[in-house]
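Worksheet for the structure shown next.
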Number of protein chains: 2
Amino acid sequence: MSAESIALDRVLELVVVLNDDMTSSLARAGLTVARAHLLWELRRRGPMTQQALAAAMSVSPRNVTGLVDGLVGSGFVTREPHPTDRRATLVTCTERGSQTAEMLASGQQELAQTLFASMAEPDLRCFTAGLDHVLRLLRDATGDLR
Amino acid sequence: MSAESIALDRVLELVVVLNDDMTSSLARAGLTVARAHLLWELRRRGPMTQQALAAAMSVSPRNVTGLVDGLVGSGFVTREPHPTDRRATLVTCTERGSQTAEMLASGQQELAQTLFASMAEPDLRCFTAGLDHVLRLLRDATGDLR
DNA sequence: TATTGTTATACTCTATAACTATA
DNA sequence: TATAGTTATAGAGTATAACAATA
């Protein structure tokens with residue numbers, strides 16, 4: 001197998017392991033990946049309408065309705081009336097939702113330390129450069145504009 | 001943001017972009033990620049019972065029933081009688097299934113070249129070493145034995 | 001007339017439990 | 001009695017289309 005194929009294999013393995021790890025960590029916090037994604041957007045941008053959430057997450061508005069239903073049911077967010085538009089609702093973190101989002105953020109920082117603190121500084125720089133390289137090429141190949 | 005957090009951020013970005021890319025490539029081939037996973041196992045190990053598939057994929061036998069239903073419906077596999085055990089079925093690739101699996105394999109090799117052929121050999125080695133490092137630590141942290 | 005969110009409907013992935021046919 | 005696969009049931013994520021309330 002070529003060095004290139006070995007590298008891609010490792011990347012794909014990492015995707016699987018990281019996904020499993022995230023899924024089970026989030027489950028322990030009472031969240032799914034999709035619901036955590038929504039909570040993450042709220043943390044970054046504050047209370048938002050469902051339309052805005054749908055756009056931010058690149059999913060359908062209908063999908064957001066379901067995710068918000070779940071998060072309301074588990075006490076992470078509430079639907080508040082929009083101050084000026086009576087059609088819209090402002091999805092807002094509860095105290096528990098905010099605390100959980102902060103916990104996820106600090107958990108991520110901790111994971112970053114766990115994975116990379118033991119890596120020599122030039123090695124980490126080389127690794128990050130490799131990731132940038134791959135991300136750029138992947139986005140070129142798929143026409144992804146981010 | 002620390003260099004460690006930047007590295008993890010890039011990894012997580014890569015997971016998202018790669019997942020989107022795979023999902024849409026597979027959709028063009030008439031497959032979902034889960035069904036492609038099943039087809040991939042068949043390619044590697046030949047015709048298998050649904051029990052064996054469930055074990056290989058770490059999902060429930062009931063889940064395999066659904067995936068096989070879908071793949072039979074779209075003409076990628078067939079259910080053949082087991083030669084000695086009349087309870088069991090041997091899930092077997094059709095000609096189309098085999099061809100598609102080979103196409104996926106060569107597409108992966110091509111992607112590996114696209115992403116890594118332009119990387120200088122020492123950089124690629126460093127990148128791969130970084131991936132190994134992260135995979136090892138992640139598995140240590142999560143108790144994953146693979 | 002356009003937009004926001006919901007109801008209606010449908011497909012996929014996933015799981016557990018009960019059941020049938022066979023070992 | 002144990003095993004292979006299915007039926008029954010359920011929850012989650014995703015989508016489109018039709019509809020109500022509001023802008």
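Letters go in sequence order (proteins before strands), and every chain restarts at 1. Note that these values count all heavy atoms, side chains included, but never hydrogens, waters or copies made by symmetry.
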Inset, instruction - State which of D:dT16, C:dT22, C:dA15 makes the closest approach to the side chain of A:Ser60. - result: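 Among D:dT16, C:dT22, C:dA15, the one nearest the side chain of A:Ser60 is D:dT16.
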Legend entry - B:Ala34, nearest nucleotide to its side chain (from C:dT14, C:dT12, D:dT22):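 Output: C:dT14.
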Inset, instruction - Could you tell me whether the side chains of B:Thr78 and B:Glu80 share a donor-acceptor contact shorter than 3.5 Å? - result: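 Yes.
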Legend entry - Check: B:Gln109/B:Gln113 side-chain N/O donor and acceptor closer than 3.5 Å: no
Legend entry - Residue whose nearest DNA chain D nucleotide is more 5′ - A:Thr84 or A:Gly66: A:Gly66
Report yes if at least one side-chain N or O of [X] is closer than 4.0 Å to OP1 or OP2 of [N]; otherwise report no.
X: A:Thr65; N: C:dG5; answer: no
X: A:Arg35; N: D:dG11; answer: no
X: B:Asn63; N: C:dC13; answer: no
X: B:Thr89; N: D:dG5; answer: yes
X: B:Arg86; N: C:dA21; answer: no
X: A:Gln51; N: C:dT4; answer: yes

Legend entry - Other residues, nucleotides, ligands: >12 heavy atoms within 6.0 Å of A:Glu110 CD: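 No, because the 6.0 Å sphere around CD of A:Glu110 holds 12 heavy atoms or fewer from other groups.
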Legend entry - Crowding at CZ, A:Arg96 (>12 non-hydrogen neighbours, <6.0 Å): yes
Inset, instruction - Specify the closest pair of heavy atoms between B:Leu26 and B:Thr32, including all atoms of both residues, with the distance to one decimal. - result: CD1-O, 4.0 Å
Would you mind reading off the distance between [X] atom [atom1] and [N] atom [atom2], rounded to a whole angstrom?
X: A:Leu53; N: D:dT14; atom1: CG; atom2: P; result: 13 Å
X: B:Leu67; N: C:dA15; atom1: CG; atom2: C1'; result: 13 Å
X: B:Leu39; N: C:dC13; atom1: CG; atom2: P; result: 13 Å
X: B:Asp20; N: D:dG13; atom1: CG; atom2: P; result: 17 Å
X: A:Leu38; N: D:dT14; atom1: CG; atom2: C1'; result: 14 Å
X: A:His82; N: D:dT22; atom1: NE2; atom2: P; result: 15 Å
X: B:Glu80; N: D:dG5; atom1: CD; atom2: C1'; result: 16 Å
X: B:Asp69; N: D:dT7; atom1: CG; atom2: C1'; result: 12 Å

Inset, instruction - Answer yes or no: is there an ion pair linking A:Arg139 with B:Asp21, defined by an N-O contact shorter than 4.0 Å? - result: no
Inset, instruction - Return yes if the base of C:dT3 and the side-chain atoms of A:Arg87 contain a donor-acceptor N/O pair under 3.5 Å, otherwise no. - result: yes
Inset, instruction - Select from B:Asp85 and B:Pro61 the residue whose nearest nucleotide in DNA chain C is closer to the 5' end of that strand. - result: B:Pro61
Inset, instruction - Would you classify B:Val59 as touching base, sugar-phosphate or nothing, given that sugar-phosphate means primed atoms plus P, OP1 and OP2, and contacts are heavy atoms under 4.0 Å? - result: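 Sugar-phosphate, no base atom in range.
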Inset, instruction - Under 4.0 Å between any heavy atoms, over every strand shown, what does B:Arg62 touch: base, sugar-phosphate, or nothing? Just pick one. - result: base
